[in-house]
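Computation of the quantities below employed the complete heavy-atom set of this structure, encompassing side-chain atoms and omitting hydrogens, waters and symmetry-equivalent molecules. By convention here, the first residue in the shown sequence is residue 1.
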Amino acid sequence: MQNETDLRSHTQEKAFLTFRAHDPPMDALTIIREADWEALADRVEAPLPQRWLYGAAAARIGRDVRRLCVYDSGQPVAMAQVVLRPVFGLTLGLISHGPLFLPSETAPKPRAILRAFRRALPLGVTLMTPRDRLRRLGLSPAPDIVELDLTPPLAALREAMNGKWRNALRKAERDTTPVTHFSPSPATLAPYLRCEKRQQAARRYRGLPPEFALVLQDVAPTSLRLFERHDAFMLFVLHGNTATYHIGHTGPEGRAQNAHNRILWEAITRLKREGVRRLDLGTIDLARAPDLARFKLRTGAHARRLSPAAVL
């Protein structure tokens, strides 16, 4: 019996040592400098929720924000901006559109990376909505987002558009009314946000609270780009080498003149000039909002299905 017990113990110890040899512990370190975080974020063309200004805005409204990078043998392999808040005495965390896995010479080890993040966070529950597909129990339907690659030349971007979208753009360009564009002040931005709030209530959809744009504008005054033509507008957030469509609206004149086609093309042109490599056009829902989904997809953008929300 003693020999059998010793053999079992020796086998378990050997298995443990083998596991540790193949899956060594990784360190999740806190990034405290904006330049360091943004340099990592640009490497993976990070989306808005994983950008420094988003975390700064969340902190401005009272959230605790942690910016963590996991290192494997001294090399950064993953990053995650976590927004934390207390709920019934526990800490609830959210990693929106993350964690993000960085380019690495070694094969990624998702399980070890997630464990490193968990060790670096306070006791509680942290939810994640990764852009990369992970084998985790999903807690919600997987959303579809639309992304437009802005690295090709403008002529190639235009050629990649759906013919109907391109024809609508040509029609809009026959109207000589210019597209105005500027970085709005808080006072200038307010009526556009009220318009978005009314639109959300009327169409019964949810997005980031319109007021959040005021906080973004406060922490990063030059990050917003407003484009307007006739009674139509689009607001974008610029963050490093990526940008995000935030809100938009069109009235009867704008619809008649295909104003959003012209506005979006102008935004593509100018954002590309500012060094933006990828434009996030937001989520789509073919069942509930098919027209909006077609508008986005016909730009030549590609849909990507994200992983569903899951526990870290």
Are any side-chain N or O atoms of Thr129 and backbone N or O atoms of Ala309, one a donor and one an acceptor, separated by less than 3.5 Å?
no
Just wondering, do Arg67 and Gln81 contact through their side chains at under 4.5 Å, heavy atoms?
yes
Contact between Arg118 and Thr126 at the side-chain level, heavy atoms closer than 4.5 Å - yes or no?
no
Output for pair (Phe236 CZ, Thr244 OG1), nearest 0.5 Å, gives 10.0 Å
Flag yes if Ile284 and Ile268 sit in one hydrophobic cluster, no otherwise; membership is Ile, Leu, Val, Met, Phe, Trp, Tyr, and two members link when side-chain heavy atoms are under 4.5 Å apart.
yes
Is there a donor-acceptor pair under 3.5 Å between the side chain of Asp42 and the backbone N or O of Gly240?
no
Under 3.5 Å, is there a donor-acceptor pair between the side chain of Lys272 and the main chain of Pro152?
yes
Specify the closest pair of heavy atoms between Ala28 and Ala120, including all atoms of both residues, with the distance to one decimal.
CB-CB, 3.7 Å
Distance-only, no hydrogens or angles: does the Arg158 side chain make a donor-acceptor pair with backbone N or O of Arg166 under 3.5 Å?
no
Quick one: does Pro76's side chain get under 4.5 Å of Arg43's, heavy atoms only?
yes
Measure the shortest side-chain to side-chain distance between Met26 and Ile113 over non-hydrogen atoms and say whether it is less than 4.5 angstrom.
yes
If only atom types and distance count, is the side chain of Asn167 paired as donor or acceptor with the main-chain N or O of Gly163 below 3.5 Å?
yes
Shared hydrophobic cluster for Ile247 and Leu281 (ILVMFWY, side-chain gaps under 4.5 Å)
no
When you measure from the side chain of Asp149 to the backbone N and O of Thr151, does any donor-acceptor pair fall under 3.5 Å?
yes
Mind checking whether Glu147 and Pro47 have side chains closer than 4.5 Å, heavy atoms only?
no
Atom CZ of Arg174 and atom CG of Leu169: how far apart are they, to the nearest 0.5 Å?
10.5 Å
So, taking the atom named CG in Leu238 and the one named OG1 in Thr222, what distance separates them when rounded to the nearest 0.5 Å?
7.5 Å
Side chain of Gln217, backbone of Leu224: donor and acceptor closer than 3.5 Å?
no
Working to the nearest 0.5 angstrom, can you tell me the gap between Leu279 CG and Leu271 CG?
6.5 Å
Show your working on side chain to side chain contact (heavy atoms under 4.5 Å, CB included) between Val82 and Phe117 and close with a plain yes or no.
CA-CA 10 Å; Val82 192; Phe117 282 129; 6.0 Å; no
Main-chain N/O of Trp52 paired to Glu38 side chain as donor or acceptor, under 3.5 Å:
yes
For Lys171 against Ala256, the heavy-atom pair lying closest together:
NZ-O, 3.6 Å
Give the minimum heavy-atom separation between Leu216 and Ser223, together with the two atoms involved.
O-OG, 3.9 Å
Leu292, Phe233: one ILVMFWY side-chain cluster at the under-4.5 Å cut-off?
no
Do Phe227 and Arg270 come within less than 4.5 Å of each other through their side chains, counting heavy atoms only?
yes
Pair Thr30, Arg66 - check side chain to side chain contact (heavy atoms under 4.5 Å, CB included), show working.
CA-CA 7 Å; Thr30 300; Arg66 309 285 177 90; 5.8 Å; no
Side-chain polar contacts of residues 88-100 - donor-acceptor pairs under 3.5 angstrom, sequence neighbours left out - could you list them?
from: His97; atom 1: ND1; to: Arg131; atom 2: NH1; distance (Å): 2.8

Indicate yes or no: at least one non-hydrogen side-chain atom of Trp165 is less than 4.5 angstrom from one of Leu264.
yes
Determine, for Arg225 against Glu274, whether the closest basic-nitrogen to carboxylate-oxygen distance falls under 4.0 angstrom.
yes
Whether the Gln199 and His249 side chains hold a donor-acceptor pair (N or O, under 3.5 Å, no angle test) is what I'd like checked.
yes
With a 4.5 Å heavy-atom cut-off, do Leu102 and Leu40 have their side chains touching?
yes
Using a strict threshold of under 4.0 Å (side-chain N to carboxylate O), is an ion pair present between Arg262 and Asp175?
no
Around atom CD1 of Ile61, are there more than 12 heavy atoms of other residues, nucleotides or ligands at under 6.0 Å?
yes
How long is the gap from CG on Leu121 to CG on Leu84, to the nearest 0.5 Å?
6.5 Å
Determine whether the aromatic ring centres of residues Tyr54 and Phe212 are separated by less than 6.0 angstrom.
yes
Is there a continuous path of hydrophobic side-chain contacts, each under 4.5 Å between heavy atoms, that joins Leu306 to Leu148?
no
What's the spacing between Asn261 CG and Thr299 OG1 if we round to 0.5 Å?
10.0 Å
For residues Thr242 and Arg51, is any side-chain donor paired with an opposing acceptor at under 3.5 Å?
yes
Under 3.5 Å donor-acceptor, Asp144 side chain and Ala303 backbone
no
Side-chain donor/acceptor of Arg229 to backbone N/O of Ile263, under 3.5 Å
no
In this structure, would Leu157 and Val179 fall into the same cluster of hydrophobic residues linked by side-chain contacts under 4.5 Å?
yes
